[in-house]
Amino acid sequence: MKKPLIILIVIMLLCAAACAEPAKVVQTGTGVSVVPATQWAELYPDIYASYLKNAENSEVIDHVEEYPMIATIYEGMAFNAYYGSARGHYYTIEDVTATGRPHALANCFTCKTPDFTAAVNNEGVSAYTIPFEDMLARVNESISCYNCHANDSQGVTVTHTYLSDALGADFDSVPGGLTACAQCHVEYYFDPDTKATTLPYTSLSVMNPDDMYAYFEEMNFSDYTNPRTGVKQLKVQHPEFETYLGEGGVHAGTFTCADCHMGTSVNDAGESYVNHYWTSPLDNEEIQQTCSACHTDLEGFVKGIQEHAEERTISIGNKLVTLTNQLADAVSSGNYTEDELEAIRALNRKGQWYWDFVFVENSEGAHNSKLTDSCLDKAEALIDEALALFKV
């Protein structure tokens with residue numbers, strides 16, 4: 001083994017140890033203002049420079065064009081007409097204001113700017129109902145240092161307290177290198193009364209697709225209703241955290257998000273620093289060299305998982321379109337009783353939940369291929385069961 005590789009692995013292990021420590025939780029109601037990223041630049045020049053590299057990720061992919069099926073699956077909400085891929089954290093404000101989906105309240109800024117995060121911490125739940133345009137006038141920067149450090153450069157501080165609330169007593173058992181990213185890369189919903197960002201679980205034991213679906217069922221919650229079928233549907237939101245820690249995940253006890261999507265770099269003076277360019281491990285040679293200890297062909301391994309997940313997701317998504325259209329026809333035909341229609345609607349709602357849990361999770365199966373296949377298996381079985389209920 002070459003000496004530089006040994007050094008990289010040692011650095012990576014040291015970083016992993018630091019990321020393994022639990023995060024602190026921000027103190028709320030303190031009147032703290034956000035220290036902008038520019039004010040940390042002189043103290044941490046390498047970290048700041050790596051943070052600015054996130055501006056390179058400027059491409060936006062039109063998911064509606066890429067996956068025409070969602071024009072039908074998401075019918076009844078704006079995602080079916082405009083669903084652009086998220087760019088890097090550097091562009092969050094530009095993306096949320098330029099989207100084709102209108103925003104009424106400030107809760108849409110939840111994972112877009114530290115200025116809104118600080119507003120929630122200082123003003124409480126009422127901040128979620130501030131008019132969107134009023135909050136926009138108070139915004140100074142996209143996701144930055146405050147979101148993960150709360151103006152304290154020593155370690156990770158979770159500033160989105162809905163995460164610590166949802167994990168409860170389990171919070172301290174989750175490494176800070178995971179909870180830092182889990183503040184935003186989670187499944188969430190807006191509370192119907194307070195409009196607050198809320199996670200659908202109360203501990204790690206119920207942080208799985210089955211129990212989260214049961215959570216929404218118990219509260220009779222839906223994000224939207226399909227106008228043609230009457231199905232009260234759920235719109236899953238990027239559940240990377242829940243997928244990575246889910247049953248079947250093989251890296252969760254060893255590596256954190258930070259280990260694989262940030263890593264540690266060495267500057268020209270030989271000094272190591274945590275790289276704040278958030279990217280795929282496939283785009284980071286230093287991380288790939290560490291992964292090579294177990295994966296001789298990391299790119300090929302990941303590609304195989306993603307191609308399999310993508311093929312199944314598209315195939316089952318097309319089945320979901322067929323189910324939607326057949327159910328719409330059944331509703332308009334007058335040949336079905338309301339009980340018969342409700343039985344199909346229930347299967348449609350649940351099948352769409354499991355399908356969407358995979359479709360919107362950003363790793364395309366790489367974070368947890370077993371859970372990905374499990375969700376797709378359940379989605380397909382539910383959709384097939386629903387299709388079998390239509391009269392010939």
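Side chains included, hydrogens not; waters and symmetry mates left out as well; all remaining heavy atoms used.
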* **Tyr67 vs Phe359, ring-ring contact (aromatic ring centres under 6.0 Å, His included): CA-CA, chis, key distance, verdict** => CA-CA 10 Å; Tyr67 302 100; Phe359 179 70; 5.0 Å; yes
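- Side chain of Glu187 to main chain of Phe357: no donor-acceptor pair is present (N/O by atom type, distance under 3.5 Å, no hydrogens or angles).
- Because its NZ or CZ atom is not both nearer than 6.0 Å to the ring centre of Tyr224 and within 45° of the ring axis, Lys235 does not count as a cation-pi partner of that residue.
- At a threshold of 4.0 Å, the pair Lys350-Glu217 does not count as salt-bridged, since none of the basic side-chain nitrogens sits closer than that to a carboxylate oxygen.
- A 4.5 Å side-chain heavy-atom check between Leu323 and Leu347 finds every atom pair outside the cut-off.
- Under the 4.5 Å side-chain criterion, counting only non-hydrogen atoms from C-beta, Tyr201 is in contact with Val186.
- Ring planes of His276 and His149: tilted class, angle from 30 to 60°.
- By the 30° and 60° cut-offs, the orientation of the rings of Phe109 relative to Phe132 is parallel.
- Within 6.0 Å of CD in Glu338 there are more than 12 heavy atoms belonging to other residues, nucleotides or ligands.
- In the displayed structure, Phe301 atom CZ is contacted under 6.0 Å by at most 12 heavy atoms of other residues, nucleotides or ligands.
- A tilted orientation is assigned to the rings of Tyr188 and His238, their planes being inclined by 30° to 60°.
- A salt bridge is defined here as a Lys NZ or Arg NE, NH1 or NH2 lying under 4.0 Å from an Asp or Glu carboxylate O, and Lys112 with Asp95 fails to meet this definition.
- Comment: Asp377 engages Arg312 in a salt bridge, judged by a side-chain N to carboxylate O separation of less than 4.0 angstrom.
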| message | Between Phe216 and Tyr189, does the ring-ring contact (aromatic ring centres under 6.0 Å, His included) criterion hold? Intermediate values first, please. | response | CA-CA 10 Å; Phe216 286 126; Tyr189 69 102; 5.3 Å; yes
